[in-house]
Every structure is written in structure tokens, then in C-alpha cells.
Amino acid sequence: MNALLIAGTTSDAGKSVVAAGVCRWLARTGARVAPFKAQNMSNNSVVTPDGGEIGRAQAVQAAACGLEPSVRFNPVLLKPGSDRRSQVVVLGQVSGEVTAMSYRERKAALLDTVVSTLDGLRAEHDHVICEGAGSPAEINLRATDIANMGLARAAGLPVLVVGDIDRGGVFAQLFGTLALLDAADQALVGGFVINKFRGDPALLDSGLDQLRALTGRPVHGVLPWAEDLWLDAEDSLSYVADGVVGRPAPPRGSQWLRVAVPRLPRISNATDVEALAAEPGVAVRFVTEPSRLTDADLVVLPGSKSTVADLGWLHDTGLADAIRAHAGAGLPVVGICGGFQMLTRRITDQVESGAGVVDGLGMLDLEIEFAEAKTLRRPSGTAFGEPVHGYEIHHGVPVRRGDDLTGLVRLPDGEDEGALRGSVAGTHWHGLFENDGFRRKLLTWAAGCAGRDGFVAADDTSFAAIRAGQLDLLGDLVEKHLDTDAIRRLLEGGAPAGLPLLPPGAGSHAALRSGGGSE
């Protein structure tokens with residue numbers, strides 16, 4: 001069997017973190033384990049060493065397994081550019097755009113791709129931990145599903161369903177998810193996990209007993225709410241405007257450095273700012289209106305899947321003028337990828353938006369033109385005198401550069417990447433803030449521009465160690481709070497035979513009675 005699908009009752013129920021935790025636990029036992037998500041919908045992505053693009057969650061899960069990310073771990077990635085259209089990435093490369101309706105026509109062929117990719121991983125590893133997408137009970141999408149029960153049926157996977165108790169109604173979530181599945185799908189669901197519980201788990205005992213009596217399936221553990229888990233959120237919707245990102249430690253000096261990040265409607269790779277939020281004395285907030293910039297020291301303009309549309313949003317909200325005023329006062333602004341492009345004089349885009357020539361914010365003397373081919377690479381260089389690496393995912397490329405600009409990054413061939421002029425800087429590189437030495441220099445530069453003489457950048461923060469610690473914490477939670485013997489049984493033998501079938505998905509009370517199993 002050697003593979004398991006972790007599904008969730010809702011988006012953000014905890015599928016990604018539970019899958020990462022199971023991966024970490026298994027890897028620490030010495031098993032060869034790999035992650036897999038057949039279809040992801042996210043604008044948070046990374047570039048793999050094999051030259052493709054996958055969802056960030058699968059890169060994190062790969063790290064939990066001790067592996068480099070691979071396009072095989074996420075063969076289909078949908079990157080929403082609007083409420084109705086998404087870019088399709090297949091095995092790491094762009095494969096056109098679709099609407100919700102036109103995508104249905106492509107799914108049959110894509111199912112073959114994802115199953116064959118999963119088969120290859122299963123042949124090479126002791127275990128493959130698969131993550132579902134959204135909810136398996138989205139019955140309007142079941143006929144063409146390739147990520148949840150469609151994948152489970154095609155590949156013969158047992159299924160573990162995760163419910164988020166922090167949302168409330170977790171027993172109804174779990175029971176209702178199972179009951180809406182048809183009989184063949186229900187037969188693959190081997191148990192449940194409850195996630196994000198606060199308090200004494202003994203309070204749940206009577207509910208767990210009733211859920212097992214009603215469904216014939218046990219809850220294989222209750223994971224507690226963990227305040228320290230905040231890195232690498234799968235969905236950018238997890239970032240709430242005006243809330244502080246992470247758990248910032250007190251400043252090393254006498255002052256905090258306050259960072260404001262516009263929460264763009266189509267924000268991409270929002271996780272870029274997490275490395276800043278990991279620093280003592282750095283308070284990072286996502287913001288949606290201009291008053292939140294009045295007390296900010298540093299503004300970080302993040303990436304965007306729809307650069308021109310999100311630039312329009314900045315104007316509509318008044319944030320564009322506020323960002324210009326911030327920089328006009330000599331305060332620092334840093335743009336990343338799409339945010340960098342917005343800082344330029346002019347954007348020519350016939351590819352992503354089809355808008356043609358659009359004025360940028362005019363804060364950097366550059367012009368950007370969108371190319372048909374997407375740039376995907378993992379470069380290295382130096383910035384502020386420190387060695388740096390990152391990754392690039394963009395269509396826009398600089399076509400004209402003003403003489404008053406210096407590069408933010410110097411490449412090994414002597415060429416410049418990005419731009420720096422006064423208190424305004426930009427780069428196409430994601431992950432740049434994860435370079436510890438550069439990040440300290442950047443924060444010191446920003447504090448100097450902002451007049452925060454009392455801010456002191458910590459000299460001992462290792463972002464890689466913090467991320468590894470988060471993965472170890474996930475592995476610890478799985479080992480301590482889940483029935484790992486039961487998970488092994490699912491991995492090795494699949495869902496138990498003769499599990500009860502619940503109406504209405506199973507058809508009728510007669511179908512329920514004929515299902516057998518425990519009561």
C-alpha cells in the first residue's frame with residue numbers, strides 16, 4: 001500500500017501541516033518518505049532544482065522528508081490571476097490558462113499525469129504522504145476530481161480526514177464530510193484527526209465515542225493548538241490584515257522596527273516577509289488602507305500574480321499615494337517581484353493582464369515588459385556585501401534602466417539584479433530575506449533610513465534553524481498526539497474492510513445496514 005491521503009473538512013483545516021508532521025515523523029524513523037499533492041491552488045510557490053514551479057507547501061513537506069523540492073511532488077499547480085481565471089502549471093511548467101468551467105475538460109488527462117507521477121514516487125520510496133485540496137465533500141466537483149477522492153479511488157489510497165475544531169462544529173464537519181461521499185469513496189476513509197484543540201482533550205471523549213459509534217471510524221488523535229506554528233502558511237488568506245505576523249521577540253536595542261506589508265488582493269509568496277518577522281524587535285503587519293502606513297518604518301511591497309490589477313488596487317485604496325509619501329520622506333520601501341515592478345516608471349503587459357502600457361509608481365527609473373516565457377531560476381550572488389541566494393518566478397523583465405540606479409544584488413558575472421536608489425529598493429528574487437547576513441544588513445539600512453537609531457539587528461538569528469525547528473515541532477506533535485500505530489496500519493494495509501456506509505451519500509438506510517462493520 002505505502003501511501004496515504006490526508007484530506008480536510010475545509011480549506012485551512014490543517015492538511016498541509018498534518019501532512020508535513022507525518023512526513024517528519026516517518027523520516028525520523030529512517031523511512032524514505034516523499035510528499036505529494038496532485039493539484040494545488042496557490043500563488044505561494046517555489047522554484048525546484050529540476051527547473052520547475054510547485055506549491056510552497058510541498059517544498060516545506062519535502063524539507064520535512066529531508067528532500068529537495070521536485071516538480072513530481074506537485075504535478076498540477078493552479079495560480080489564480082482573477083476570480084475566474086487561473087494559470088495552469090503542469091510538472092513545473094506553464095501550460096496555459098483556464099476558467100473553472102474549461103478546466104473540467106482538462107482533468108481526465110491530468111488524472112493520468114498525477115497517477116503515473118504518484119506511482120513513480122511510490123516505487124522509489126517507503127511511504128508517500130499525499131495531501132488533498134479543499135474538501136473531499138465538494139460534491140459539485142466530484143465527477144472530475146483529481147485531488148481528493150478521485151485520486152484516492154484511482155490510486156487505491158486510504159484516507160485520513162482532518163477537521164479544524166477552532167472553527168467550531170468539528171463533529172458535524174467530520175460526520176457530514178463522510179456522509180456526503182458515495183459508498184466507494186466512504187470505504188476508503190479509515191479515520192479522522194481533530195486539529196487545533198485548545199484545552200483538556202478529555203472534554204472531547206464523549207463526542208469521540210459518539211462519532212465512532214455513528215461512523216464506525218475512530219479519531220486517530222487530537223492535535224493541540226500550537227502558538228509557535230506560524231511559518232510557511234499554505235494559503236495567503238491565512239495572513240489577516242492588521243495582525244502581527246509570527247511571534248516577535250523583544251528588541252535587542254531600545255526601539256522596535258515596524259514593517260507594513262500591503263495585503264494585495266492577488267498577493268503571491270506572502271511568506272517572503274516571514275524571515276523579517278522572525279527577527280527580535282521587528283513587528284510585521286499586513287495592511288489594507290493608508291492610515292496603517294503613518295507609523296511604519298519600512299514598507300515591503302510584496303509579490304503579485306496580477307501586477308497591473310494589484311497596482312490599480314493600490315491607487316483605489318489610497319495606498320499608492322501613501323507609499324510615495326513614505327518614500328518621499330526618506331523612509332525605506334522595498335519591492336519584491338511584482339511589488340518591485342510596481343515601483344518602476346512603466347509596465348508593458350500584453351501577457352498577464354493584456355493591459356498594454358501602464359504607469360508604475362515612478363519611484364525607480366526602470367521600465368518593465370512582460371515576456372511570454374516565465375523566468376524560473378534559483379540564482380545566487382551578493383547583496384550589501386553578503387552572499388545571497390533566492391528564486392525567481394516572473395514574466396516581467398527590465399527593458400530600460402536609469403543611470404542613477406545601482407543594483408540591489410550583484411550576480412557572479414558582474415551584472416546587477418534589482419535596483420537601489422536612496423531609500424527605495426527592489427528585486428525579482430523571492431527568498432532573499434532568508435539570507436541571514438543580508439537580512440541583518442537590510443534591517444540596519446532600513447532602521448538608518450527611518451531614524452530608528454535604537455534598533456539593533458540580532459546577530460544570532462538563523463532562519464533555516466527556525467524553519468527546521470518548526471518541522472521538528474510538527475513531527476513531535478504527530479508522535480505525541482496521534483495514534484501512529486494506526487497510521488502505519490493505514491499506510492501498510494489500507495482502510496479496514498467492512499466499514500459502515502452512511503446516507504445520504506451511500507444511498508439509503510439499506511445501504512447502511514448492508515455495509516457491516518462496527519456500530
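Just the heavy atoms: all of them, side chains too, but no hydrogens, waters or symmetry mates, feed the values below. Here the structure is a predicted model, which means the values were calculated and not measured.
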Residues at least two apart in sequence or cross-chain that pass salt bridge (charged side-chain N to carboxylate O under 4.0 Å, His left out) with Glu97, listed by chain then number, are Arg85
Is there a side chain to side chain donor-acceptor pair (under 3.5 Å) between Lys79 and Ser42 once you walk through the steps?
-> CA-CA 5 Å; Lys79 303 192 73 174; Ser42 177; over 6 Å; no
In short, salt bridge (charged side-chain N to carboxylate O under 4.0 Å, His left out) pairs touching residues 333-354 with sequence neighbours left out are Arg345-Asp365, Arg346-Glu367
Checking Glu392 against Thr375: is there a side-chain donor and acceptor pair closer than 3.5 Å?
no
task = May I ask you to test the Met149-Val159 pair for a side-chain heavy-atom distance under 4.5 Å?
result = yes
Heavy-atom closest pair (Pro262 atom, Leu301 atom, distance to 0.1 Å) is CG-CD1, 3.8 Å
Residues at least two apart in sequence or cross-chain that pass side-chain hydrogen bond (donor to acceptor under 3.5 Å, both in side chains) with Tyr391, listed by chain then number, are Arg56, Asn269
* Ion pair check, Lys15 and Glu131, cut-off under 4.0 Å -> no
Contacts satisfying salt bridge (charged side-chain N to carboxylate O under 4.0 Å, His left out) that involve residues 410-421 (not counting sequence neighbours) are Asp404-Arg421, Arg410-Asp416
> Is a salt bridge present between Arg24 and Asp476, judged by a nitrogen-to-oxygen distance below 4.0 Å?
Replying inline: no
So CZ of Arg440 and CG of Asp459: to nearest 0.5 Å the spacing works out to 6.5 Å
Checklist entry - Do His127 and Asn2 get their side chains close enough for a donor-acceptor pair, meaning under 3.5 Å? => result no
Within the structure provided, determine whether Leu78 and Tyr103 are in side-chain contact (heavy-atom separation under 4.5 Å). yes
Side chain to side chain donor-acceptor pair (under 3.5 Å) test vs Lys374 passes for just one of His395, Gln87, His394, namely Gln87
Applied to residues 310-359, the ring-ring contact (aromatic ring centres under 6.0 Å, His included) test, sequence neighbours excluded, yields Phe340-His428
| query | Do we see a donor-acceptor contact under 3.5 Å between the side chains of Thr317 and Glu289? | reply | no
List the steps, then state whether salt bridge (charged side-chain N to carboxylate O under 4.0 Å, His left out) holds for Asp310 with Arg263. CA-CA 10 Å; Asp310 280 353; Arg263 175 61 173 81; over 6 Å; no
Which is it for Glu68 and Arg378 under the salt bridge (charged side-chain N to carboxylate O under 4.0 Å, His left out) test, yes or no, and what are the steps along the way?
-> CA-CA 13 Å; Glu68 287 284 347; Arg378 291 160 49 114; 3.7 Å; yes
*Return yes if a side-chain donor-acceptor contact under 3.5 Å exists between Asp228 and Gln470, otherwise no.*
no
Between Ala154 and Val115 the two heavy atoms that sit nearest each other are CB-CG2, 3.8 Å
Distance col, row Asn148:CG vs Gln39:CD, nearest 0.5 angstrom, shows 8.5 Å
(Q) Would you say the rings of Phe36 and Phe73 are close, in the sense that their centroids are separated by under 6.0 Å? (A) no
> Can we say Glu227 and Arg247 salt-bridge, meaning some charged N sits less than 4.0 Å from an Asp/Glu carboxylate O?
Replying inline: yes
Interatomic distance, CH2@Trp429 vs CD1@Ile393, rounded to 0.5 Å, equals 14.0 Å
Rounded to the nearest 0.5 angstrom, the OG-CG distance for Ser423 and Leu331 is 7.0 Å
**Prompt:** Does a side-chain N-to-carboxylate-O contact under 4.0 Å join Arg467 and Glu434?
**Reply:** yes
Set out, in order, the CA-CA distance, both residues' side-chain angles and the distance that settles side chain to side chain donor-acceptor pair (under 3.5 Å) for Ser95 and Arg106, then state yes or no.
CA-CA 11 Å; Ser95 183; Arg106 296 192 59 178; 2.9 Å; yes
Contacts satisfying salt bridge (charged side-chain N to carboxylate O under 4.0 Å, His left out) that involve residues 107-130 (not counting sequence neighbours) are Arg32-Asp126, Arg72-Glu124
